[in-house]
Protein chains: 2
Amino acid sequence: MGRSQADKVETHEKIVRTAARRLREEGLLGVGVADLMKEAGLTVGGFYKHFESRDELVAEALASIESAWEPAVADAKAKAIPDAKIFVRLVDGYLSEEHRDAPGAGCVFAALSGDLARGGEKVRRVGTRKLLRGLELLADLFRGPRAGARATAIVTYSALVGALSLARIATDDKDDALSREILTTVARAIKSWAAAR
Amino acid sequence: MGRSQADKVETHEKIVRTAARRLREEGLLGVGVADLMKEAGLTVGGFYKHFESRDELVAEALASIESAWEPAVADAKAKAIPDAKIFVRLVDGYLSEEHRDAPGAGCVFAALSGDLARGGEKVRRVGTRKLLRGLELLADLFRGPRAGARATAIVTYSALVGALSLARIATDDKDDALSREILTTVARAIKSWAAAR
DNA sequence: ATTATCTATAGATCTATAGATAATGC
DNA sequence: ATTATCTATAGATCTATAGATAATGC
């Protein structure tokens, strides 16, 4: 009790980081303020010195989520890896069993598309901004005219989000053959389609 | 008060129908028992004579949702409409603004993928069964060997679900240009890809 | 007599606030 | 003196149950 202002910034970031993970794991309605504070190592009383409301934390947590593509593409470009190869890596990473099994650290659209669509204007605006950035990142990896690259990015992103969403549903506790089939089938199709266009 | 057993069956179905719509609109956690009963024209007290728990209603409501594809494909086949044309109609209907704006009457995956993935085994099993049936319906519309048709169905379904999910997020209250771009771009790509394969 | 639905409410949980406590920072 | 966090709790909301009411159905 009684901490410095510097500590408060750290505390604030820790709450946001915890929320960014837990909200993707449990859905935007699936986790309460007290639970989030406890997981951040705090108690519920301090919450409203950091945020005006639960909704404000949700918006801030969503806005804080940076796409894993951002640093991955930057690193690969810096190493002069060809765009086509970078694209293959993104697709394989996105449609991996690791990503499927770690929604809290993964794509915000695959984890929360329904919640985002149902959300208020603030939440949908954050989602739209992230979507536009993701499309830009993808389109930059495709050859040819800008319009065609953007269309390819839209189709690719849709297939990625849909495949991961369905693969997460098809996870039977015993057998996830269907789930793996979805991941591998869509990964192969996207890669060959993008290469051949 | 005091109704016949025949009425009770009707009441039960009305609750399930109301839940099937409202849960797709608000998410599996977004609507309470009292609200659902009120919308079905009832009060909360009678609920537990129909269902053991809220979870049981959720499972029953999800199981009751029949894909719009089921009767559409059956009708079209009865009229000897070519498979390729049936497929085009399914895609255009799925990626329409009407479907986007009516989640309560639409695809359960686009509306609830996150909730289904996070759901208990019962919920995920219902989802997986519906997914398998949808893939079967789609695959039956494609020419050639069974394995290839199934793969095409998986890729198609993923792109459909992903595109509709993203189109629902991108609905700015003022301008939905991006949303419409996603719908039309993915519809065109799916149709030409499936025709050319 | 049985039962389908109603009103009323118990008990749990969730958001938000009040007031206490123990540090920081002028 | 200020403030970052804590404990405690008010008030709202949600699931589930108890008991009353008014029909059905033997």
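Labels below follow one simple rule: chain letters A, B, ... track the order of the sequence lines, proteins then strands, and each chain is numbered from 1. All values below were derived from every heavy atom in this structure, side-chain atoms included, with hydrogens, water molecules and symmetry-related copies excluded.
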For [N], take OP1 and OP2 only and decide whether either is under 4.0 Å from a side-chain N or O of [X].
{"X": "A:Thr11", "N": "D:dT5", "result": "yes"}
{"X": "B:His50", "N": "C:dT5", "result": "yes"}
{"X": "B:Lys49", "N": "C:dA4", "result": "no"}

> Crowded around A:Lys14 NZ? As in, over 12 foreign heavy atoms under 6.0 Å?
Replying inline: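 No - once you tally the heavy atoms of other residues, nucleotides and ligands closer than 6.0 Å, there are 12 at most.
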> DNA chain C: B:Gln5 or A:Asp35, which has the more 5' nearest nucleotide?
Replying inline: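 Comparing both residues, the 5'-ward one is B:Gln5.
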In one Ile/Leu/Val/Met/Phe/Trp/Tyr side-chain cluster, 4.5 Å: [X], [Y]:
{"X": "B:Val186", "Y": "A:Trp193", "value": "yes"}
{"X": "B:Met37", "Y": "B:Leu29", "value": "no"}
{"X": "A:Ile81", "Y": "A:Val88", "value": "no"}

Measure from [atom1] on [X] to [atom2] on [N] and round the result to the nearest Å.
{"X": "A:Tyr48", "N": "D:dT3", "atom1": "OH", "atom2": "C1'", "answer": "20 Å"}
{"X": "B:Leu29", "N": "D:dT13", "atom1": "CG", "atom2": "P", "answer": "18 Å"}
{"X": "A:Glu52", "N": "C:dT15", "atom1": "CD", "atom2": "C1'", "answer": "14 Å"}
{"X": "A:Glu26", "N": "C:dC14", "atom1": "CD", "atom2": "C1'", "answer": "16 Å"}
{"X": "B:Phe47", "N": "D:dC14", "atom1": "CZ", "atom2": "C1'", "answer": "12 Å"}
{"X": "A:Lys14", "N": "D:dA4", "atom1": "NZ", "atom2": "P", "answer": "18 Å"}
{"X": "B:Leu57", "N": "D:dC14", "atom1": "CG", "atom2": "P", "answer": "15 Å"}
{"X": "A:Leu42", "N": "D:dA4", "atom1": "CG", "atom2": "P", "answer": "13 Å"}

>> So if I take every side-chain heavy atom of A:Thr43 and compare against D:dT7, C:dC6, C:dT24, which nucleotide ends up nearest?
In response: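 Nearest nucleotide to the side chain: D:dT7.
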> Among C:dA16, D:dA4, C:dT5, which is the nearest nucleotide to the side chain of B:Lys8?
Replying inline: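 Within the option list, the nearest is C:dT5.
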> Base, sugar-phosphate alone, or nothing: which one does A:Gly45 contact when heavy atoms must sit under 4.0 Å apart?
Replying inline: base
> Taking the inter-plane angle between the rings of B:Tyr157 and B:Trp69 on a 0 to 90° scale, is it parallel (under 30°), tilted (30 to 60°) or perpendicular (over 60°)?
Replying inline: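 Judged by the thresholds at 30° and 60°, the geometry between B:Tyr157 and B:Trp69 is tilted.
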> Quick one: stems for DNA chain C, with Watson-Crick or G-U pairs under 3.5 Å, at least three in a row?
Replying inline: C:1-24 with D:1-24
> Is any side-chain heavy atom of B:Asp55 closer than 4.5 Å to a side-chain heavy atom of B:Val123?
Replying inline: no
> Taking the nucleotide of DNA chain D with the closest heavy atom to each, which residue, B:Val44 or B:Ala6, is nearer the 5' end?
Replying inline: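 Mapping each residue to its closest nucleotide by heavy atoms, the 5'-most match is B:Val44.
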> For B:Asp140, which of B:Arg150, B:Arg133, B:Arg146, B:Lys77 qualifies under salt bridge (Lys or Arg N to Asp or Glu O under 4.0 Å)?
Replying inline: B:Arg146
